[in-house]
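Heads up, the thing below is written out as structure tokens.
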Amino acid sequence: MPLEGPARIVSELTTRGYNAEREAVTLIAAAERPQPTLERVVDALPEGTLVVRSEHVRSVLEESASASGESSPDSSDSPPASSDSPASTSDSVGHDRSSAPNDPTDVPPNDPPVSTGDPSQPSSSSNADSPVETGGSADRFDRGGDASRRALEIANDMTGESTGTGEYKDFVAVFRDRLERLGSKLRGRFNHRPASAIQSMPGGSEAAMVGLVNDIRSTASGHWLIELEDATGTFPWLVMKDREYADLVEELLCDEVLAMEGTLADDSGIAFVDSMSFPDVPRTYEPSTADRHVQAALISDVHVGSQEFMADAWNRFADWLHTEEAQHVEYLLLAGDMVEGVGVYPDQDEELDIVDIYDQYEAFNEHLKRVPGDLDIVMIPGNHDAVRLAEPQPGFDERLRNIMSAHDPQIVSNPSTVTLEGVSVLMYHGVSLDEVIAELPAEKANYDEPHKAMYHLLKKRHVAPQFGGHTRLAPEKEDYLIIEDVPDIFHTGHVHKLGFGKYHNVLAINSGCWQAQTDFQKSVNIDPDAGYAPIVDLDTLDVTVQKFS
Ligand code: D5M
Ligand code: FE
Ligand code: ZN
């Protein structure tokens, strides 16, 4: 069967157990008779070769050119061999990564070829099997063909909007905003009363209240007392231990907003809970999907600068993005912890590979350069990044933006919502997940199933409900941490575990990381999922996981 183009050549080589450099494939595709050329190249490979390199092809082509007087492909109209540095053309292609040595070195890559340019300009070639674009582009497969159909919008980015001074009145304002906005998702469902009105209702009355959880206590007899607060005051609600709702008490976090319905005790002053409701995601929620086959890679926690940063796995990921298999990946989302940072945890400096924070970002940028230039990239900061720790975290400052300029990423706050061709993705780094996992019983939230912890945030419609624990809060004029609109995808990281699942049809994905186990993680038995990239089909919300470690 004739070899129709690079894609067929790659598949032909992989079925014979070889991976191939991009340039080698280009050269074979450009030969006058690709099939016999491929046969001759394979025959001439030194024993033990795993990757077909451009040198292998060139020597075969030169041989046959001198035998037949043919011109070399370099002088034909076909795609020229790249004149860039070797690193720019060393991208292995193929599907069998297990046999792919890829880049055996651990050094940051040299500059790969520049981007194909403006992604809104479709590239000249729209057929993945047609010869590659000219100009030594890294993007052999034609992502750009549909670039005109790309659409990316950002919402809820609070970068540059920070007004809070951290004073008491700011905290009052942000909690008021939370109660108002999350409460409005509940108020329509109940005949609710303010705390002050309930305080003066006669015993035996039915009552409902929407409030913030102010306190959770167990009583001497094993029941639960939950104090709800609203703008008028507080009221205590008693959940009897044998009621069906008792099970929900262990899910509660302080400062979340919910509704309680129940009956006032005879001497009033307290109410017995009959039902408890959360702002939640409707069970019937129907997520939006893209109207073409297009994918997004959702990753986080790169931790460049740490001795445990897995450069090899990253390089394999970046190289894979250049292959045909990844041709539909047009978006790359990074949910924080781009670098390891400095002084984040005690004794962290002992595990630093790069000690200067700006040097860490420079190195991160070098790694970012290796991914295809025509990806649309969005990133938010995490707790290791050089922005304020308190949430919401504004996007990186000018100096860091200038450093992290490879492929012109969109840099937004943590959290932010990015909508890709109609599919909304709530991006949040995920520090509150530690808290959810610590507070809830293990079957409801644990490190091995981080997506389950995410479900609780969706149910509470807030990315970091509890104030005063791990998660630091910077009060702003509004509560940016509220999940105002139901997202189609919820993307977090931070806990360094890969997990995904659906909650009321919303896809929750916690990316793994690109950092091998640190000494601290070893000491507390955190076994990270390092070197994986979850890839989401935006037209179906299906997930496939690519492993690079
Ligand atoms: O944290 C990755 C995960 O490991 C996250 O679940 C917190 C936890 N972690 C890591 N180092 C520490 C220390 N020193 N104290 C407490 N918890 C820790 P990340 O912040 O993304 O590196
Ligand atoms: Fe991290
Ligand atoms: Zn983190």
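Hydrogens, waters and symmetry mates are skipped; everything else that's a heavy atom, side chains included, is used.
Here the CG-CG distance, from L333 to L298, works out to 4.5 Å after rounding to the nearest 0.5 Å.
For R149 and E421, the salt-bridge test fails: no basic side-chain N is under 4.0 Å from an acidic carboxylate O. Ion pairing between a basic and an acidic side chain is recognised when a charged N comes within 4.0 Å of a carboxylate O; R370 and D319 show such pairing.
Taking the six-membered ring for Trp and thresholds of 30 and 60 degrees, W320 and F317 have nearly parallel ring planes, at less than 30 degrees apart. Classified by interplanar angle (parallel below 30°, tilted 30° to 60°, perpendicular above 60°), the ring pair W314/F364 is tilted.
In this structure, the side-chain contact (heavy atoms from CB on, under 4.5 Å) partners of D542, at least two apart in sequence or on a different chain, are D537, T540. Listed by chain and number, the residues in a side-chain contact (heavy atoms from CB on, under 4.5 Å) with S218 are W224 (sequence neighbours excluded). With sequence neighbours excluded, the residues forming a salt bridge (charged side-chain N to carboxylate O under 4.0 Å, His left out) with D247 are K444, listed by chain and number. For E478, the salt bridge (charged side-chain N to carboxylate O under 4.0 Å, His left out) test picks out R181, with sequence neighbours left out. For the salt bridge (charged side-chain N to carboxylate O under 4.0 Å, His left out) test, no residue two or more places apart in sequence or in another chain qualifies with D527. With sequence neighbours left out, the side-chain contact (heavy atoms from CB on, under 4.5 Å) criterion links E443 to E250, P441. Looking at residues two or more places apart in sequence or on another chain, you find a side-chain contact (heavy atoms from CB on, under 4.5 Å) between S184 and R187.
In this structure, the side chain of D353 does not engage the main chain of G305 through any donor-acceptor pair within 3.5 Å.
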Working for side chain to side chain donor-acceptor pair (under 3.5 Å), residues Y447 and D529: CA-CA 11 Å; Y447 283 107; D529 291 325; over 6 Å; no
Test log, rule side chain to side chain donor-acceptor pair (under 3.5 Å), inputs E449 and N446: CA-CA 6 Å; E449 296 168 303; N446 60 73; 2.9 Å; yes
side-chain contact (heavy atoms from CB on, under 4.5 Å) evaluation trace for N510 with L433: CA-CA 10 Å; N510 193 279; L433 295 173; 3.4 Å; yes
Test salt bridge (Lys or Arg N to Asp or Glu O under 4.0 Å) applied to K185 and E180, step by step: CA-CA 9 Å; K185 299 186 188 303; E180 195 45 48; over 6 Å; no
Test log, rule side-chain contact (heavy atoms from CB on, under 4.5 Å), inputs M427 and I380: CA-CA 7 Å; M427 296 176 69; I380 63 169; 3.9 Å; yes
Step-by-step salt bridge (Lys or Arg N to Asp or Glu O under 4.0 Å) determination, R292 to D539: CA-CA 6 Å; R292 64 178 180 126; D539 48 338; over 6 Å; no
Worked check of side chain to side chain donor-acceptor pair (under 3.5 Å) between T471 and E435: CA-CA 8 Å; T471 322; E435 219 151 45; 2.9 Å; yes
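For the pair G269 and P236, the tightest heavy-atom approach, listed with the atom from each and the gap, is O-CG, 3.2 Å. Scanning all heavy atoms of the two residues, the minimum distance from W514 to A533 falls at CZ2-CB, 4.4 Å. Pairing each heavy atom of Q515 with each of S306, the nearest pair is NE2-OG, 3.0 Å.
Screening residues 198-218 for salt bridge (charged side-chain N to carboxylate O under 4.0 Å, His left out) gives D215-R217 as the qualifying pairs, with residues at least two apart or on separate chains. The salt bridge (charged side-chain N to carboxylate O under 4.0 Å, His left out) analysis of residues 458-473, with sequence neighbours excluded, yields the pairs E251-K459, E256-K460. Identified under the salt bridge (charged side-chain N to carboxylate O under 4.0 Å, His left out) test for residues 384-403, with sequence neighbours left out: R388-E476.
Evaluated for a side chain to side chain donor-acceptor pair (under 3.5 Å) with H303, the options Q360, E308, H496 yield exactly one hit, H496. When each of D280, L252, V210, L248 is checked for a side chain to side chain contact (heavy atoms under 4.5 Å, CB included) with L258, only L252 meets the rule. Of the candidates F490, F500, Y503, Y503 is the only one forming a ring-ring contact (aromatic ring centres under 6.0 Å, His included) with Y455.
No side-chain heavy atom of E340 sits under 4.5 Å from any side-chain heavy atom of V304. Looking at I377 and L368, their side chains come closer than 4.5 Å, going by heavy atoms from C-beta outward.
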Output a table of donor-acceptor pairs, distance under 3.5 Å, between side-chain atoms of residues 409-417 and any protein atom two or more places apart or on a different chain; print 'none' if there are none.
from: S413; atom 1: OG; to: D157; atom 2: OD1; distance (Å): 3.2
from: S413; atom 1: OG; to: M158; atom 2: N; distance (Å): 3.0
from: S413; atom 1: OG; to: P415; atom 2: O; distance (Å): 3.0
from: S413; atom 1: OG; to: S416; atom 2: OG; distance (Å): 3.1
from: N414; atom 1: OD1; to: H429; atom 2: N; distance (Å): 2.8
from: N414; atom 1: ND2; to: Q393; atom 2: OE1; distance (Å): 2.8
from: S416; atom 1: OG; to: S413; atom 2: N; distance (Å): 3.2
from: S416; atom 1: OG; to: S413; atom 2: O; distance (Å): 2.8

Please set out all donor-acceptor pairs under 3.5 angstrom arising from side-chain atoms of residues 237-246, sequence neighbours excluded.
from: K241; atom 1: NZ; to: S221; atom 2: O; distance (Å): 2.9
from: R243; atom 1: NH1; to: D274; atom 2: OD1; distance (Å): 3.4
from: Y245; atom 1: OH; to: D274; atom 2: O; distance (Å): 2.8

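Taking the six-membered ring for Trp and the full ring otherwise, H494 and Y428 have centroids separated by 6.0 Å or more.
Judged by distance alone, the side chains of T234 and E229 never bring a donor and an acceptor atom under 3.5 Å apart.
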